[in-house]
Protein chains: 6
Amino acid sequence: MKAIEYEHASAAVRAVFDDIKTTRGVDDVNNFWKYLANEPRMLAHVWATLKDVMGDGALDPLTKELIYVAVSVTNNCPYCMASHGAAARAKGATDEKLNEVYAVVGLANMTNRLANAYDVPVDDAFRRDER
Amino acid sequence: MKAIEYEHASAAVRAVFDDIKTTRGVDDVNNFWKYLANEPRMLAHVWATLKDVMGDGALDPLTKELIYVAVSVTNNCPYCMASHGAAARAKGATDEKLNEVYAVVGLANMTNRLANAYDVPVDDAFRRDER
Amino acid sequence: MKAIEYEHASAAVRAVFDDIKTTRGVDDVNNFWKYLANEPRMLAHVWATLKDVMGDGALDPLTKELIYVAVSVTNNCPYCMASHGAAARAKGATDEKLNEVYAVVGLANMTNRLANAYDVPVDDAFRRDER
Amino acid sequence: MKAIEYEHASAAVRAVFDDIKTTRGVDDVNNFWKYLANEPRMLAHVWATLKDVMGDGALDPLTKELIYVAVSVTNNCPYCMASHGAAARAKGATDEKLNEVYAVVGLANMTNRLANAYDVPVDDAFRRDER
Amino acid sequence: MKAIEYEHASAAVRAVFDDIKTTRGVDDVNNFWKYLANEPRMLAHVWATLKDVMGDGALDPLTKELIYVAVSVTNNCPYCMASHGAAARAKGATDEKLNEVYAVVGLANMTNRLANAYDVPVDDAFRRDER
Amino acid sequence: MKAIEYEHASAAVRAVFDDIKTTRGVDDVNNFWKYLANEPRMLAHVWATLKDVMGDGALDPLTKELIYVAVSVTNNCPYCMASHGAAARAKGATDEKLNEVYAVVGLANMTNRLANAYDVPVDDAFRRDER
């Protein structure tokens with residue numbers, strides 16, 4: 001699959017590209033969107049979801065970018081680490097904050113396996129909180 | 001492996017249990033620590049790391065708990081989702097915030113695979129930001 | 001580890017290479033088999049399993065290649081995406097079909113995490129179907 | 001988080017529930033949607049994407065359900081295996097077909113790791129096909 | 001899918017069951033094989049591979065069981081942790097050894113993510129060793 | 001993030017680097033430690049854990065390196081495969097042993113998914129051994 005540039009894109013794809021550019025105030029969309037344009041339905045759905053979820057809400061945008069980075073590190077997606085790392089920096093993430101994200105991600109990946117290995121039963125106190 | 005209760009624990013394990021109880025102001029430690037006590041070296045290292053990383057720092061403690069939850073959901077660790085979900089609530093996470101965490105986690109897991117499937121090359125702009 | 005070429009291969013490895021070439025009607029085997037030849041037992045077992053499972057059966061060969069691609073995308077195996085993507089195309093996968101595979105893979109990875117995050121109980125209707 | 005039943009749902013959630021029921025010709029929505037209703041934005045986006053992608057297209061609906069099952073097995077999502085396994089059966093998947101899906105999933109998970117372990121370089125032939 | 005018991009099994013399945021029972025000196029096969037018997041081709045291939053790889057070789061059988069446990073913990077497969085944990089104990093794994101396996105698994109899962117997060121370039125010394 | 005070399009490192013980082021060099025009898029630390037030095041707390045904790053767990057214990061150091069390699073292959077961490085592959089060779093791992101590790105890793109990744117796909121119930125015999 002190849003990147004689809006604006007000049008070769010269908011009207012439906014151009015409409016999404018235009019909305020990304022307007023929303024973000026940029027001249028061109030990132031490679032992710034140009035490749036995803038090979039599947040115009042997913043292009044529209046992923047952008048609609050991302051625009052809706054990653055903006056203002058119960059959590060501030062920076063916190064959500066850091067969570068995005070954390071998931072991308074856990075799944076080992078190099079493109080996603082690069083793009084959402086850049087987005088996090090643009091929203092105020094310092095080196096100190098990103099280093100701390102990586103520390104938490106490393107720690108959680110370790111304890112996730114230890115909890116599974118020992119098959120630790122959920123404490124009653126957590127059940128009360130959760131259910 | 002079985003949970004190791006305080007009264008049957010070695011002095012080294014008791015020292016960690018005591019520090020957890022004092023630091024958190026609780027009467028007993030959670031099941032995770034009682035099972036991890038089967039490997040006293042890891043008990044000490046995991047607690048020392050968690051105490052150091054999850055407290056105050058460049059990120060506030062709630063943000064770090066939410067990242068912990070996000071990684072645990074991605075890895076499907078039921079105990080970790082329950083325990084860190086409860087910890088996040090104790091630090092101020094509302095249902096709205098947790099719902100938004102889950103939304104970002106779902107979205108990131110989707111785009112991680114799409115970026116890998118299309119083998120999207122990293123944009124120059126991200127390289128400049130990242131390197 | 002290095003690729004093992006036919007001329008340096010043992011008789012056991014050559015026998016597998018010969019069968020791959022005959023079955024597929026090709027002049028040489030792919031790199032995967034040349035590297036796997038470092039472990040002749042696995043070379044034989046993996047080829048025997050793949051030859052048996054990926055041919056005709058309850059599902060047509062193209063459907064099985066698309067499933068193979070979907071798993072490889074989820075696990076982020078670049079070699080496997082390239083080789084089974086090429087195999088899928090050779091068996092009739094168009095760009096439209098592959099784009100749809102990627103869409104389903106992205107969607108499933110999202111809903112997998114949402115279902116785990118909300119710890120959704122299995123509906124009775126599914127239990128009746130399944131058990 | 002708890003399931004949100006129709007009678008306690010907001011108008012936005014009810015609109016999605018109604019569309020699911022009409023589209024599928026069912027009396028009630030599955031648990032997945034009732035839990036996802038805790039985050040109404042994701043409920044709407046996930047349903048819109050799933051309705052668009054899983055219906056008719058370049059691939060038939062059964063093939064897409066089988067791919068969904070394959071991803072859910074790889075990620076170990078018990079709810080998703082149950083719900084999409086049932087959906088696959090409703091669309092014509094026999095035991096023979098599901099057994100073959102599982103065989104391909106197992107095989108692909110094995111070869112994914114072998115390809116990564118040996119760090120197999122992508123064959124030129126695949127590059128020509130892919131790029 | 002249901003477990004297939006010996007008395008209802010085909011001749012091909014019985015032949016595999018008999019070989020498992022003879023090889024292991026047991027009266028009945030474990031549930032894994034009874035379920036896998038739904039797909040007789042995979043039953044035969046998985047058993048043939050496992051019998052060949054997990055016996056004597058360059059590594060002793062206990063070391064291989066511990067590696068099996070480590071992979072199963074990393075992937076969070078509860079059945080596999082239980083069955084290969086039991087197999088490891090039968091081959092001499094003490095609590096101390098299993099605790100150490102879990103410690104290494106936890107540690108490796110942490111450093112895997114840290115290495116990926118920092119995108120650490122491979123040292124020249126490792127390249128010399130590896131290539 | 002960039003590698004932090006000894007001459008630009010803080011006293012705390014230098015102390016860890018010195019301990020790594022002394023413990024391992026090397027002139028310089030690997031890239032992993034230079035990058036992890038961006039987060040001095042994790043540098044100290046990861047090194048302390050690794051030094052404690054990977055040395056002598058209930059398992060010999062080579063077995064533990066092989067387990068480390070197995071986890072790194074399963075998670076697809078290229079740096080970790082290279083560095084712990086080299087460490088395993090330095091501790092006596094031959095090509096034959098590493099090939100067998102890869103074989104077990106591939107096999108376990110296959111059976112992990114098959115056990116999950118068939119939702120195999122844990123045998124009573126394993127419960128008795130385990131609990």
Side-chain angles (χ1 to χ4, degrees), chain A residues 1 3 30-32 34-36 38 42 46 49-50 53-54 57-59 63-64 66-68 70-75 77-80 82-86 89-90 94 96-97 99-101 103-105 107-116 118-123 125-127 129-130, chain B residues 1 3 30-32 34-36 38 42 46 49-50 53-54 57-59 63-64 66-68 70-72 74-80 82-86 89-90 94 96-97 99-101 103-105 107-116 118-123 125-127 129-130:
Chain A
M1 310 286 182
N30 295 329
N31 285 340
F32 177 70
K34 294 180 184 177
Y35 278 78
L36 194 51
N38 286 288
M42 284 305 276
V46 172
T49 310
L50 192 141
V53 167
M54 297 303 287
L59 298 169
T63 297
K64 284 185 277 197
L66 297 179
I67 290 170
Y68 219 115
V71 171
S72 302
V73 169
T74 299
N75 285 331
C77 174
Y79 182 83
C80 313
S83 61
H84 288 278
R89 287 178 189 279
T94 57
E96 286 69 29
K97 286 178 198 258
N99 280 319
E100 216 163 88
V101 170
V104 176
V105 169
L107 178 60
N109 271 286
M110 176 167 62
T111 59
N112 282 188
R113 270 64 185 203
L114 290 168
N116 286 340
Y118 286 105
D119 194 12
V120 183
V122 174
D123 303 71
F126 300 154
R127 294 193 184 280
D129 277 321
E130 285 288 280
Chain B
M1 309 285 181
N30 295 330
N31 284 340
F32 177 71
K34 293 179 184 177
Y35 278 78
L36 195 51
N38 287 289
M42 285 302 277
V46 172
T49 310
L50 192 142
V53 168
M54 296 302 286
L59 297 169
T63 297
K64 285 185 277 197
L66 296 180
I67 290 171
Y68 219 115
V71 171
S72 303
T74 299
N75 285 330
N76 192 15
C77 174
Y79 182 84
C80 313
S83 61
H84 288 277
R89 287 177 189 279
T94 57
E96 287 69 30
K97 287 178 198 261
N99 280 320
E100 217 164 86
V101 171
V104 175
V105 169
L107 178 60
N109 271 287
M110 177 169 62
T111 59
N112 282 188
R113 270 64 186 203
L114 291 168
N116 285 340
Y118 286 104
D119 195 13
V120 183
V122 174
D123 303 71
F126 300 152
R127 294 193 184 281
D129 276 321
E130 285 289 283

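Letters go in sequence order (proteins before strands), and every chain restarts at 1. Predicted, not measured: the structure shown is a model, and the values here were computed from it.
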Practice problem: Identify which part of B:N99 has an atom lying under 4.5 Å from any heavy atom of chain A, answering side chain, backbone, both or neither. | Solution: neither

Quiz item: Of the listed residues (B:P78, B:C80, B:A70), which shares the most heavy-atom pairs with chain A below a 4.5 Å separation?
Solution: B:C80

Quiz prompt | Closest-packed option against chain A by number of heavy-atom pairs under 4.5 Å, given B:I67, B:V53, B:L107 | solution = B:L107

Self-check item: Nearest atoms (heavy-atom pairs only) where B:F126 meets A:A86
Solution: CD2-CB, 3.6 Å

Exercise. Heavy-atom pairs under 4.5 Å with chain B are the metric here; pick the option from A:T49, A:T63, A:V105, A:T111 that has the most.
Key: A:T111

Quiz item: For B:T74, is it the side chain, the backbone, both or neither that has a heavy atom under 4.5 Å from a heavy atom of chain A?
Solution: side chain

Self-check item: Top of A:N31, A:V104, A:T94 for chain B proximity - count of heavy-atom pairs under 4.5 angstrom
Solution: A:N31

Practice problem: Could you tell me the separation between the CG atom of A:L114 and the OH atom of B:Y35, rounded to the nearest 0.5 Å? | Solution: 14.0 Å

Quiz item: Residues in salt bridge (Lys or Arg N to Asp or Glu O under 4.0 Å) with B:K34, at least two apart?
Solution: B:E5, B:D28

Quiz item: With only heavy atoms counted, which part of A:V73 is less than 4.5 Å from chain B, the side chain, the backbone, both or neither?
Solution: neither

Quiz item: Who are the side-chain hydrogen bond (donor to acceptor under 3.5 Å, both in side chains) partners of B:K64, not counting sequence neighbours?
Solution: A:E100

Quiz prompt | Heavy-atom pair count under 4.5 Å with chain A, highest-scoring of B:M42, B:K97, B:E96, B:H84 | solution = B:K97

Quiz item: Are any side-chain N or O atoms of A:N112 and backbone N or O atoms of B:C77, one a donor and one an acceptor, separated by less than 3.5 Å?
Solution: no

Practice problem: Evaluate side chain to side chain donor-acceptor pair (under 3.5 Å) for B:Y79 paired with A:D123, printing each intermediate quantity in order. | Solution: CA-CA 9 Å; B:Y79 182 84; A:D123 303 71; 2.7 Å; yes

